[in-house]
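Only this structure's heavy atoms are used, side chains among them; waters, hydrogens and symmetry mates stay out. Every number for a ligand or one of its atoms is a count from 1 in the order of the listing. The shown structure was predicted, so the numbers you read here are calculated from the model rather than taken from an experiment. Start at 1 with the first residue, then count along the sequence.
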Amino acid sequence: MKRMLIAGNWKMHKTLKEAEELASDIFNWVETNRPKSDVAVCPPFPFLHTISKIIAGTKIYLGAQNCYHEPEGAFTGEVSPPMLVSVGCKFVIIGHSERRTYFSENDQLINAKIQAALRFNLSPIFCIGETLQERQENRTYEIVERQIKIGLNNISIEQIRNIVIAYEPVWAIGTGVSANTEQIDEAHRFIRKLLINTFGPECNDTLILYGGSLNSKNAKEILSLPDVNGGLIGKASLDSKEFTKIIEYAEQSI
Ligand code: PGA
């Protein structure tokens, strides 16, 4: 059976009250519909604890959008993996292109964050993907391979089981234009093969999510691709109806 994870990346959106309402709407839908797919919500840091209580006891997992690579210390403004675990997180998004672009995160720092998250039993949702210029220069696979090789440097076969990969072509994020199914299919097959060659056959089970303008209109086609195990969803995760419709399409592809 194909495993699916539908994860909402709320980015820097919503007030506490709005975030509580969104989480409650998703909670109600999941309680009524009991999907086989796993569901995760990744709200901003200040809302994590409150939302962990709203979704407690359901199949909805909590994720953070970032973490620091040290467990504690004098690092003003940062949030550590043990802190995230203590408020109920199972996942943490690492290496999102917005972090790479606006906060200068490089592959080495991302590797340190992945190692730190795993040390404290958080599952990284590790984001990779090429820019438009890199795709136009036919460098997509070179870039994705470099991101995986350095990002997953010194990760063991046991640890790879706790890592989720999110292929997110940078040019498709927040633009309303998703990659087409051929591009997604080809990229996911490439990533799967690379993981299997690097870590072994257990990577047949690694969750590889697609992200980049995934919405209720294109989800059916994209989520039915054989090597797509769900989605990391930005804009469309801010509306409970859109988000839960995507979960419905994930259910059809299992
Ligand atoms: P988007 O964002 O769905 O708004 O394109 C996806 C992401 O950045 O994870």
Side-chain angles (χ1 to χ4, degrees), residues 4-14 18-19 22 26 37-45 47-48 51 60-67 89-105 110 113-114 117 122-132 134-135 140 143-144 147-148 151 163-181 183-184 187-188 191 207-223 225 228-250:
M4 298 295 275
L5 169 65
I6 299 297
N9 173 10
W10 296 2
K11 307 193 181 184
M12 199 176 74
H13 289 290
K14 301 207 179 276
E18 291 163 350
L22 177 56
I26 297 169
S37 308
D38 285 331
V39 176
V41 291
C42 305
F45 287 137
F47 310 152
L48 286 170
I51 288 178
I60 309 172
Y61 295 107
L62 190 66
Q65 298 173 18
N66 181 31
C67 68
C89 287
K90 173 179 166 60
F91 292 107
V92 57
I93 299 171
I94 295 180
H96 191 281
S97 78
E98 288 149 17
R99 302 276 339 154
R100 293 179 190 259
T101 306
Y102 305 136
F103 303 97
S104 309
E105 293 198 7
I110 289 162
K113 291 186 175 200
I114 290 175
L122 272 175
S123 290
I125 299 178
F126 169 36
C127 301
I128 54 175
E130 80 288 358
T131 63
L132 183 59
E134 289 160 348
R135 178 163 280 272
T140 296
I143 299 299
V144 164
Q147 291 171 332
I148 290 183
I163 294 179
V164 176
I165 307 284
Y167 171 63
E168 300 205 303
V170 179
W171 48 274
I173 295 175
T175 58
V177 183
S178 78
N180 66 41
T181 43
Q183 291 167 326
I184 298 170
H188 280 238
I191 293 163
L207 295 177
I208 306 177
L209 314 184
Y210 169 76
S213 300
L214 190 62
N215 57 42
S216 64
K217 293 194 177 59
N218 57 28
K220 188 178 165 69
E221 217 185 351
I222 293 173
L223 296 178
L225 295 169
V228 174
N229 303 100
L232 181 58
I233 301 146
K235 189 161 185 286
S237 73
L238 299 173
D239 178 307
S240 63
K241 289 209 173 59
E242 266 287 295
F243 187 63
T244 53
K245 199 156 233 100
I246 296 171
I247 304 172
E248 279 175 11
Y249 288 127

Shortest protein heavy-atom distance from [atom], along with the residue and atom involved:
atom: atom 2 (O) of ligand 1; result: K11 NZ, 3.3 Å
atom: atom 9 (O) of ligand 1; result: E168 OE2, 2.7 Å
atom: atom 6 (C) of ligand 1; result: G234 N, 3.5 Å

How close do [X] and [Y] get, counting heavy atoms only, and between which atoms?
X: H96; Y: I93; answer: CB-CG2, 4.1 Å
X: A7; Y: F243; answer: C-CE1, 4.0 Å
X: S97; Y: I173; answer: OG-CD1, 3.3 Å
X: A172; Y: A179; answer: CB-N, 4.0 Å

| Contact with ligand 1 for A172, non-hydrogen, under 4.0 angstrom | yes

| field | Any A236 heavy atom less than 4.0 Å from ligand 1 | value | no

Within the 4.0 Å heavy-atom shell around [X], which atoms of ligand 1 are there?
X: G174; answer: 1 (P), 4 (O), 5 (O)
X: H96; answer: 7 (C), 8 (O), 9 (O)
X: G212; answer: 5 (O)
X: N9; answer: 9 (O)
X: K235; answer: 1 (P), 3 (O), 4 (O)
X: L232; answer: 6 (C), 9 (O)

| message | At under 4.0 Å between heavy atoms, is it the side chain or the backbone of I173 that contacts ligand 1, or both, or neither? | response | both

Using a 6.0 Å cut-off, check whether atom [atom1] of [X] has over 12 heavy atoms from anything other than its own residue.
X: E134; atom1: CD; value: yes
X: K220; atom1: NZ; value: no
X: K245; atom1: NZ; value: no

| said: Is it the case that the side chain of N218 and the backbone of N215 share a donor-acceptor pair, with hydrogens and angles ignored and the cut-off at 3.5 Å? | reply: yes

| message | Below 30° counts as parallel, above 60° as perpendicular, anything between as tilted: where do the rings of F91 and Y61 land? | response | perpendicular

| S213 N/O under 3.5 Å from ligand 1 N/O | yes

